[in-house]
Amino acid sequence: MPSSAYTPELIDQFGRRVDYIRLSITDRCDFRCVYCMGEDMVFLPREDVLSLEECARVVRTFVTLGVSKVRITGGEPLVRKNALTLFQEVGRLPGLRELTMTTNGSQLERYAHDLKKAGLSRINISMDSLDPERFRKITRVGDLDKVLRGIQAAKDAGFTHIKLNTVLMRGINDTEAIPLLEFAIQHSLDIAFIEEMPLGEVDHSRGDTYVSNQATLTLLQAHFPLISSTETTGGPARYWRVAHTNTRVGFISPHSHNFCEACNRVRITCKGELYLCLGQENKVDLMPLLRDHPHDDQPLREAIIASMQIKPKGHDFDLRRQAPSVIRFMSQTGG
């Protein structure tokens, strides 16, 4: 940590301050969600993945540069061996305001209490169906009951503002917006609907399955008393409150409402690639800097600061293209 009281900030060429990073600690997952990865995935060899010590070093360096929010992602982060040690180390970093995680919920029954003790403050749980058969079809291998037990374990551990993340797909689960919100209300959860993003080659046409969040909002407004809110959790979601409940409904709309003008985040893959935008290929490889300078963080700091000059103005998602605008899978970049 610099001796000066001044904390440098990461400001990109468009004047946006980056204070939020999303770090993937593995490309592996115990699910195979149809919008996230192919059915027969080839995962990275261990030597091509950042060690947990290197992950902690990356986070620590970003925090010294003014980042105050860190989200740990995957793949499924909790399938990474000894992942809890990373949460324990990052959770006590001075200057870190919030440590969060995105998970499929499959391992929460086992880890929720220890994660809470480690300093994890909030959890997002990906869940796209309340029908066990449909859930298995979307995830290819997932067990809905296991995820539901994980949600309860997180509540029992003391987590509040648990948020469900849902991707609605036409002809697959687009009938579930209302029951999913009813479930969130019943269990005092938040929920965010996320428009499917064209990342990686999958087994369906995303143009055919696309459901706009405006259509989902219109549907929900006809069944629930939704009140527009200016609340934010630091990400791109726009929130509504369900009147007389503890539930917020968020909409992340990369297609129907481009949110890039307020982008405050960057992503680091489990390979140590610093992506300045989810929907563009602008990146800096951090792994060589970590391994060539194991005891000196200055080259890493300089590379991170310089990367702000190649952060693009916005993504370039277009569902009309036959090929995806980004060929890497969501599981490789981090959910």
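All values below come from the heavy atoms of this structure, side chains included, with hydrogens, waters and symmetry mates left out.
- Distance check: Asp30 CG to Ser106 OG gives 3.5 Å after rounding to the nearest 0.5 Å.
- The list of side-chain hydrogen bond (donor to acceptor under 3.5 Å, both in side chains) pairs with a residue in residues 286-295, not counting sequence neighbours, reads Glu54-Arg291.
- Exactly one of Asn165, Leu144, Asn104 qualifies for a side-chain contact (heavy atoms from CB on, under 4.5 Å) with Met127. That residue is Leu144.
- Legend: salt bridge (charged side-chain N to carboxylate O under 4.0 Å, His left out) pairs involving residues 142-165, not counting sequence neighbours, sorted by first then second residue: Glu109-Arg149.
- Taking the salt bridge (Lys or Arg N to Asp or Glu O under 4.0 Å) definition, one finds that Lys283 meets it with Glu273, sequence neighbours left out.
- Remark: side-chain polar atoms of Glu195 are not paired, donor with acceptor, to backbone N or O of Ser212 under 3.5 angstrom.
- In this structure, the side chains of Thr26 and Val49 stay at 4.5 Å or more apart for every pair of heavy atoms.
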side-chain contact (heavy atoms from CB on, under 4.5 Å) for Ile151 and Leu108? Distances and angles first, verdict last.
CA-CA 7 Å; Ile151 292 172; Leu108 282 177; 5.7 Å; no

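- Rounding to the nearest 0.5 Å places OG of Ser68 at 12.0 Å from CG of Leu99.
- Judged purely by atom type and a 3.5 angstrom limit, Arg57 uses its side chain to pair as donor or acceptor with the backbone of Leu290.
- Nearest heavy atoms, Ile304 versus Thr61: CD1-CG2, 3.9 Å.
- Put simply, the side chain of Thr73 does not reach to within 4.5 Å of the side chain of Arg267, judged on heavy atoms.
- Rounding to the nearest 0.5 Å places CG of Leu219 at 8.5 Å from CZ of Phe224.
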Derivation and outcome, side-chain contact (heavy atoms from CB on, under 4.5 Å), residues Thr166 and Ile194:
CA-CA 6 Å; Thr166 298; Ile194 305 171; over 6 Å; no

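- Arg71 and Thr102 are linked by a side-chain donor-acceptor pair at a separation below 3.5 angstrom, with hydrogens and angles left out of the test.
- For Asp131 and Ser129, the side-chain atoms include no donor-acceptor pair closer than 3.5 Å.
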Applying side-chain contact (heavy atoms from CB on, under 4.5 Å) to Leu115 and Leu78, what does each step give before you reach the verdict?
CA-CA 10 Å; Leu115 288 165; Leu78 296 180; 4.0 Å; yes

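- For Lys137, the NZ atom counts as loosely surrounded, since its 6.0 Å shell holds 12 or fewer non-hydrogen atoms of other residues, nucleotides or ligands.
- In the displayed structure, Gln309 atom CD is contacted under 6.0 Å by more than 12 heavy atoms of other residues, nucleotides or ligands.
- Shown here are the side-chain contact (heavy atoms from CB on, under 4.5 Å) partners of Thr216, two or more places apart in sequence or in another chain: Leu168, Ala177, Phe193, Val211, Asn213, Leu220, Phe251.
- The two residues Phe159 and Ala112 have their closest heavy-atom pair at CE1-O, 3.4 Å.
- Listed here is the closest heavy atom pair of Arg16 and Pro312: NH2-O, 2.7 Å.
- In this structure Pro179 satisfies the side-chain contact (heavy atoms from CB on, under 4.5 Å) test together with Leu130, Glu176, Glu182, sequence neighbours excluded.
- Val242 approaches Thr245 most closely through the heavy-atom pair O-OG1, 2.8 Å.
- With sequence neighbours excluded, no residue forms a ring-ring contact (aromatic ring centres under 6.0 Å, His included) with Tyr239.
- With respect to Arg301 and Asp297, no salt bridge is recorded, no charged nitrogen being found less than 4.0 Å from a carboxylate O.
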Residues Asp27, Met41; criterion side-chain contact (heavy atoms from CB on, under 4.5 Å); working and verdict
CA-CA 10 Å; Asp27 64 331; Met41 291 292 292; over 6 Å; no

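- Taking both residues in full, the closest heavy atoms of Asn282 and Ile310 are given as ND2-O, 3.1 Å, listed atom of the first, atom of the second, then distance.
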All N/O donor-acceptor pairs, side-chain side in residues 81-96, below 3.5 Å, sequence neighbours left out:
unit_1 : atom_1 : unit_2 : atom_2 : d
Thr85  : OG1    : Asn82  : O      : 2.7
Arg92  : NH1    : Gln88  : O      : 3.3

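- Checked by atom type, the side-chain pair Thr103/Glu76 shows a donor-acceptor distance below 3.5 Å.
- Under the side-chain contact (heavy atoms from CB on, under 4.5 Å) criterion, Asn246 pairs with Ser188, not counting sequence neighbours.
- The hydrophobic cluster containing Tyr20, built from Ile/Leu/Val/Met/Phe/Trp/Tyr side-chain heavy atoms closer than 4.5 Å, comprises no other residue.
- When every heavy atom of Leu274 is checked against every heavy atom of Phe62, the shortest pair comes out as CD1-CZ, 4.0 Å.
- The ring-ring contact (aromatic ring centres under 6.0 Å, His included) check on Phe183 picks up His187, with sequence neighbours excluded.
- Residues satisfying the side-chain hydrogen bond (donor to acceptor under 3.5 Å, both in side chains) criterion with Glu302, sequence neighbours excluded, are Gln298.
- The salt bridge (charged side-chain N to carboxylate O under 4.0 Å, His left out) analysis of residues 214-237, with sequence neighbours excluded, yields the pairs Glu231-Arg241, Glu231-Arg248.
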